[in-house]
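Side-chain atoms are counted along with the backbone in the values below, which use heavy atoms only and exclude waters and symmetry mates. Letters A, B, ... mirror the listed sequences (proteins, then strands); counts begin at 1. Since the model is a prediction, treat every value here as computed from it, not as a measurement.
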Amino acid sequence: MLSPSPPSDAAGASKTKTILNLLQGCNSLKKLHKIHACVIIAGLQNHRAISTKLLNFCAVSVSGCLVHAQLLFRQIHNPKTDDWNSIIRGFSRSSSPLQSVFFYNEMVSVAAGCRPDTYTFSFVLRACERVPLAESKRKEVHGAIIRSGYDRDVVVCTNLIRSYAGNGEIETARKVFVEMPLRDLLSWNSMISCYSQAGFHHEALRTYDLMRIANVGLDGFTLVGLLSSCAHVGALNLGVELHRMASEKGLLKNVYVGNALIDMYAKCGNLNAALSVFDGMQKRDIFTWNSMVVGYGVHGRGDEAIEFFRQMLLAGVQPNSITFLGLLSGCSHQGLVEEGVKYFNLMTSNYNMEPGIKHHGCLVDLFGRAGKLKRALEVINTCRSQKDPVLWRTLLGSCKIHKNVQIGEIAMRNLVQLGASNAGDCVLLATIYGEVNNADGVATMRKMIKSQGIKTTPGWSWIEIGDQVHKFIVDDKSRPDTNEIYLKLRQVIHEVALLGYVEEDSMSFTSVEGFSDQGCCRIGSYHSEKLAIAFGISRTPQGTCLRIVKNLRVCRDCHSFTKFVSKAFNREIVVRDRVRFHHFKDGLCSCKDYW
DNA sequence: ATAGGGTTAG
């Protein structure tokens with residue numbers, strides 16, 4: 001099909017030039033409509049450069065319009081790669097990315113005389129990233145990329161990495177990364193942030209080691225991904241090093257970097273450093289404030305979390321649901337019951353926010369921790385998400401703190417009814433029974449555990465020594481220096497025993513084989529944090545603070561052990577468990593034995 | 001002419 005040829009006289013050429021200039025300076029849809037009208041009046045709608053430019057503007061510009069773009073596209077006879085790219089790109093970031101994939105399909109199957117280029121692939125990959133269940137399409141596009149030789153293109157590969165990683169195929173993403181012939185700063189950054197976002201924090205940090213060897217430098221994006229991973233694994237030493245580099249490179253005024261630093265310091269247990277970064281920030285956004293509120297909250301410093309909340313409002317920043325989670329957890333850990341209730345109610349009354357399941361969980365915890373178990377029960381019974389096992393489990397935990405058999409049994413019954421009871425719940429209730437010397441109850445729980453089969457979350461702890469993070473599991477024997485660590489641990493136990501530490505045996509009823517969930521132990525077994533502490537003491541100079549991250553809650557025996565160690569060895573020990581921080585010093589813990 | 005990247009909770 002032949003398109004009518006554009007006017008070729010001098011007047012026509014001048015009109016064409018004028019319209020192209022107008023398009024160049026076009027910055028709104030309204031102006032675009034005017035220009036489009038001029039194009040039609042001048043009979044230039046089939047002029048190649050003009051129609052391509054018009055289409056591109058409509059499809060890609062912020063003030064464009066995809067419906068309009070689609071109409072323009074359909075008017076183009078025999079569209080070229082540029083035109084396809086515009087329409088594929090436009091839809092790839094729209095609310096209907098699937099359209100983008102459809103246009104790509106059409107392009108490769110029916111379009112004559114033009115082929116996808118590196119841009120086309122980048123756009124369609126972006127679209128695939130946002131279309132659910134697009135795995136096979138992504139694979140197909142990947143195949144086409146390889147066949148056309150564009151698997152050597154650094155941008156296309158970076159898009160592939162993001163597209164795979166964003167849909168859980170982190171291993172394939174890694175493979176693309178490793179096999180691409182050239183990696184620039186952006187590809188390294190993408191790989192690191194993909195790992196970090198997917199929860200592969202050690203891999204993220206390891207990638208940074210390789211990045212240093214590759215000598216590509218780093219920027220704010222690198223730092224943000226790495227700091228987030230440092231925060232998750234508690235790698236404070238590396239975090240401090242990254243802080244130093246940020247300041248050297250003048251990146252501290254970057255609000256993303258500042259926010260990531262605050263979060264890293266707070267999650268590594270160093271609130272003073274978090275505060276000093278906060279104070280030095282020129283610009284603060286919702287992330288900045290939330291990081292402070294949540295940071296103080298999880299450390300059990302509710303009144304300071306509240307103070308940050310007040311300052312945040314004064315600074316004119318609107319709180320969001322995360323802000324309230326921080327406030328509520330702070331109130332809960334500090335026993336500020338009425339304040340907590342006040343902020344919970346404030347969500348709906350002042351901010352028109354519907355409290356989510358997590359907020360209800362905080363409220364249950366707030367009452368339960370404070371011993372107001374009936375009110376906690378009421379919360380669950382009156383909230384719409386009473387089918388959620390997490391709420392009942394929270395209540396059961398509170399019953400353990402307050403040795404309340406009656407409500408503990410109610411919580412357990414509900415967990416069983418929901419088909420959600422697990423070994424950890426049985427241990428919690430068994431502990432309560434054990435503490436009130438109810439042997440029958442303990443026996444029942446033991447039977448239940450046996451009949452259900454035990455599914456436990458294996459416990460692990462991380463400790464950072466120098467620039468390395470070391471991981472330990474229960475009774476870990478996997479390391480080459482295992483003998484040395486166990487020897488040290490026995491020495492440490494001996495020393496703290498002299499100060500009065502007694503290994504807890506009140507939990508002997510949990511001596512079911514394989515039992516380790518929720519920190520309840522087999523007799524003669526060593527929890528991961530004990531191993532990590534012994535390792536830390538043997539590998540760091542006198543007086544160095546030990547920082548440990550644990551995936552489960554600290555058990556009572558380990559909690560008591562750590563208190564004694566902090567005194568006997570004159571060490572500050574910061575343990576971040578699944579729920580909160582414990583700062584051990586001089587034989588005492590910041591949680592006041594209340595967790 | 002048109003491309004690829006970031007933080008909080010869970």
Side-chain angles (χ1 to χ4, degrees), chain A residues 20 23-24 49 52-53 55-57 59-61 80-90 92-93 116-127 129 150 153-163 165-166 176-177 180 183-194 196-197 199 204 218-232 251 254-264 266-267 274 277 281 284-295 297-298 312 317 319-329 356-359 361-362 388 390 578-579:
Chain A
L20 281 172
L23 274 169
Q24 202 70 46
T52 295
K53 185 88 198 156
L55 169 64
N56 185 266
F57 184 89
V60 172
S61 141
K80 293 284 178 282
T81 300
D82 290 354
D83 304 315
W84 288 102
N85 284 355
S86 289
I87 199 79
I88 291 171
R89 178 187 182 189
S92 75
R93 48 184 198 185
D117 60 8
T118 54
Y119 295 90
T120 324
F121 287 127
S122 293
F123 301 141
V124 74
L125 281 171
R126 167 49 60 107
E129 202 182 322
Y150 290 140
D153 183 275
V154 65
V155 180
V156 171
C157 284
T158 305
N159 273 308
L160 269 172
I161 291 167
R162 289 202 57 76
S163 198
V176 173
F177 179 74
M180 61 197 282
R183 281 164 288 271
D184 64 5
L185 181 58
L186 270 81
S187 14
W188 283 98
N189 286 353
S190 294
M191 194 66 242
I192 287 174
S193 68
C194 284
S196 183
Q197 281 162 21
L218 92 188
D219 65 6
F221 289 87
T222 328
L223 290 176
V224 167
L226 290 173
L227 285 168
S228 166
S229 283
C230 286
H232 279 99
L251 289 167
N254 177 328
V255 67
Y256 286 92
V257 172
N259 294 346
L261 276 169
I262 291 177
D263 180 55
M264 182 277 295
K267 290 237 176 64
V277 174
M281 281 175 74
R284 299 184 183 123
D285 62 12
I286 180 76
F287 286 84
T288 323
W289 289 101
N290 279 356
S291 295
M292 296 308 281
V293 173
V294 172
V298 296
M312 166 179 186
V317 177
N320 64 15
S321 69
I322 295 169
T323 321
F324 284 99
L325 280 180
L327 277 175
L328 291 171
S329 78
I357 177 78
K358 308 254 150 52
H359 301 96
C362 283
D388 195 299
V390 174
R578 200 165 57 84
V579 185

Could you please name the option among [options] that lies closest to any side-chain atom of [X]?
X: A:D82; options: B:dT2, B:dA9, B:dA3; result: B:dT2
X: A:V294; options: B:dA3, B:dT7, B:dA9; result: B:dA9
X: A:V154; options: B:dG4, B:dA3, B:dT8; result: B:dG4
X: A:D285; options: B:dG4, B:dT7, B:dT2; result: B:dT7
X: A:D153; options: B:dT2, B:dT8, B:dA3; result: B:dA3
X: A:I322; options: B:dA3, B:dA9, B:dA1; result: B:dA9
X: A:N290; options: B:dG10, B:dT8, B:dA3; result: B:dT8
X: A:V257; options: B:dG6, B:dA1, B:dA3; result: B:dG6

For A:D184, all residues meeting side chain to side chain donor-acceptor pair (under 3.5 Å), sequence neighbours excluded: A:S187
A:S122 versus A:N159, side-chain donor and acceptor atoms under 3.5 Å: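 A:N159 vs A:S122: donor-acceptor pair found between side chains.
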Pair A:D82, A:T52: side-chain N/O donor-acceptor within cut-off below 3.5 Å: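 Checked: A:D82/A:T52 side chains show no N/O donor-acceptor pair below 3.5 Å.
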Derivation and outcome, side-chain hydrogen bond (donor to acceptor under 3.5 Å, both in side chains), residues A:D263 and A:S291: CA-CA 6 Å; A:D263 180 55; A:S291 295; 4.8 Å; no
A:K267 side chain near B:dA9 phosphate (N/O to OP1/OP2, under 4.0 Å):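 So the side chain of A:K267 is within the cut-off, an N or O lying under 4.0 Å from OP1 or OP2 of B:dA9.
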Phosphate OP1/OP2 of B:dT2: any A:R89 side-chain N/O under 4.0 Å: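 No, A:R89 has no side-chain N/O under 4.0 Å of OP1/OP2 on B:dT2.
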Whole-Å distance between [N] [atom2] and [X] [atom1]?
X: A:M292; N: B:dA9; atom1: CE; atom2: P; value: 14 Å
X: A:I357; N: B:dG10; atom1: CD1; atom2: C1'; value: 12 Å
X: A:F221; N: B:dT7; atom1: CZ; atom2: P; value: 10 Å
X: A:H359; N: B:dG10; atom1: NE2; atom2: C1'; value: 11 Å
X: A:R284; N: B:dT7; atom1: CZ; atom2: C1'; value: 16 Å
X: A:L55; N: B:dA1; atom1: CG; atom2: C1'; value: 14 Å

Under-3.5 Å donor-acceptor pair between A:D184 side chain and B:dG4 base: yes
Face-to-face contact A:Y256 to B:dT7 six-ring, under 5.5 Å, under 30°: no
Sorted by number, the residues of residues 222-231 of chain A with heavy-atom contact under 4.0 Å to DNA chain B: A:V224, A:S228
